[in-house]
Amino acid sequence: MALHHAVAGEVVKLPSVADSETKTAALVKTASFETIHLVVRAGDHIPEHKVTGSISLFCMQGMVIIETEAGEHEMTTGEWIYFEPNETHGVRGIEDASLMLTILFDQ
């Protein structure tokens with residue numbers, strides 16, 4: 001189910017990761033930030049990469065491994081992490097996971 005980009009003040013209900021049709025979807029993008037409902041299925045791998053802005057990642061459901069230059073970190077429901085701009089990171093799905101990814105376009 002694709003989500004449209006939200007407008008300011010709009011309430012958006014995110015689909016459950018338990019629904020096999022739920023996919024990653026951009027929720028909003030402005031000049032200052034972007035928020036994405038990131039769905040990582042068990043066995044999926046997002047290779048290590050860098051983002052030019054600061055990012056935060058909140059695990060709403062499931063389990064992933066966060067790969068960084070410092071090592072691997074297990075991340076489960078209710079946990080949050082952030083990265084400085086241009087910090088290398090990757091994500092590996094252990095269980096089907098629903099994450100909230102926010103990218104701040106540092107000025």
Side-chain angles (χ1 to χ4, degrees):
M1 170 194 308
L3 296 177
H4 72 283
H5 282 165
V7 296
E10 177 182 3
V11 175
V12 176
K13 181 173 176 72
L14 301 178
S16 171
V17 73
D19 180 346
S20 64
E21 298 297 313
T22 299
K23 307 282 186 224
T24 293
L27 300 176
V28 66
K29 185 171 184 175
T30 71
S32 58
F33 79 100
E34 180 174 15
T35 299
I36 299 166
H37 179 214
L38 181 63
V39 175
V40 181
R41 299 285 175 189
D44 284 355
H45 183 241
I46 300 171
E48 290 188 355
H49 60 284
K50 296 179 182 182
V51 176
T52 57
S54 300
I55 69 169
S56 70
L57 192 59
F58 176 69
C59 185
M60 298 183 295
Q61 183 179 357
M63 181 189 305
V64 296
I65 298 292
I66 303 297
E67 303 165 337
T68 69
E69 291 178 1
E72 296 185 346
H73 311 279
E74 184 178 287
M75 190 172 176
T76 61
T77 302
E79 295 182 324
W80 176 87
I81 192 169
Y82 84 97
F83 296 101
E84 295 290 341
N86 298 307
E87 192 171 343
T88 302
H89 61 281
V91 182
R92 192 170 68 244
I94 303 303
E95 298 174 358
D96 287 351
S98 175
L99 303 115
M100 184 66 62
L101 167 64
T102 299
I103 304 168
L104 300 175
F105 303 119
D106 300 325
Q107 312 277 330

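The first residue in the sequence is number 1, and the count goes up from there.
- Checked by atom type and distance alone, the side chain of Thr35 never pairs as donor or acceptor with a backbone atom of Val28 at under 3.5 Å.
- Clustering ILVMFWY residues whenever any of their side-chain heavy atoms sit less than 4.5 angstrom apart, transitively, puts Leu101 in a cluster other than the one holding Val39.
- In terms of hydrophobic clustering, with Ile, Leu, Val, Met, Phe, Trp and Tyr side chains grouped at heavy-atom distances under 4.5 Å, Phe33 and Ile103 are assigned to different clusters.
- Here the shortest heavy-atom pairing between Ser98 and His37 reads OG-NE2, 2.7 Å.
- Under the 4.5 Å side-chain heavy-atom criterion for Ile, Leu, Val, Met, Phe, Trp and Tyr, Leu99 and Val17 are members of distinct hydrophobic clusters.
- Distance check, rounded to the nearest 0.5 Å: CD1 of Ile46 to OG1 of Thr24 gives 6.5 Å.
- Considering every non-hydrogen atom in both Val12 and Ala6, the closest pair reads CG2-CB, 3.7 Å.
- Heavy atoms only, all atoms of each residue included: Trp80 and Ser56 are closest at NE1-CB, 3.4 Å.
- Scanning all heavy atoms of the two residues, the minimum distance from Pro15 to Thr22 falls at CB-OG1, 3.5 Å.
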Review item, side-chain donor-acceptor pairs of residues 60-72, under 3.5 Å, at least two apart:
residue	atom	partner	partner atom	Å
Glu67	OE1	His45	NE2	3.0
Glu67	OE2	His45	NE2	3.2
Glu67	OE2	Arg92	NH1	2.7
Thr68	OG1	Ala70	N	3.2
Thr68	OG1	Gly71	N	3.3
Thr68	OG1	Gly71	O	2.9
Thr68	OG1	His73	NE2	3.4
Glu69	OE2	Thr88	OG1	3.1
Glu72	OE1	Arg92	NH2	3.3
Glu72	OE2	Arg92	NH1	3.2

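- Looking at heavy atoms from C-beta onward, Glu74 lies out of side-chain contact with Ile94 at the 4.5 angstrom threshold.
- Rounding to the nearest 0.5 Å gives a distance of 9.0 Å between CD1 of Ile81 and CD of Glu79.
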Report the C-alpha distance between Asn86 and Thr52 in whole Å, list the side-chain angles of each, state the deciding distance to 0.1 Å, and finish with yes or no for side chain to side chain contact (heavy atoms under 4.5 Å, CB included).
CA-CA 5 Å; Asn86 298 307; Thr52 57; 4.1 Å; yes

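- If you take CD on Glu87 and CD1 on Ile55, they are separated by 8.0 Å, rounding to the nearest 0.5 Å.
- Every residue two or more places apart in sequence or in another chain that forms a ring pair (Phe, Tyr, Trp, His ring centres under 6.0 Å) with Phe83 is listed here: His89.
- Hydrophobic clustering (ILVMFWY, side-chain heavy atoms < 4.5 Å, transitive): Val51 and Phe105 are in one cluster.
- Contact record, Leu57 with Met75: O-CE, 3.0 Å, taken as the closest heavy-atom pair.
- Counting all heavy atoms, side chain and backbone alike, Glu21 lies closest to Asp19 at N-OD1, 2.8 Å.
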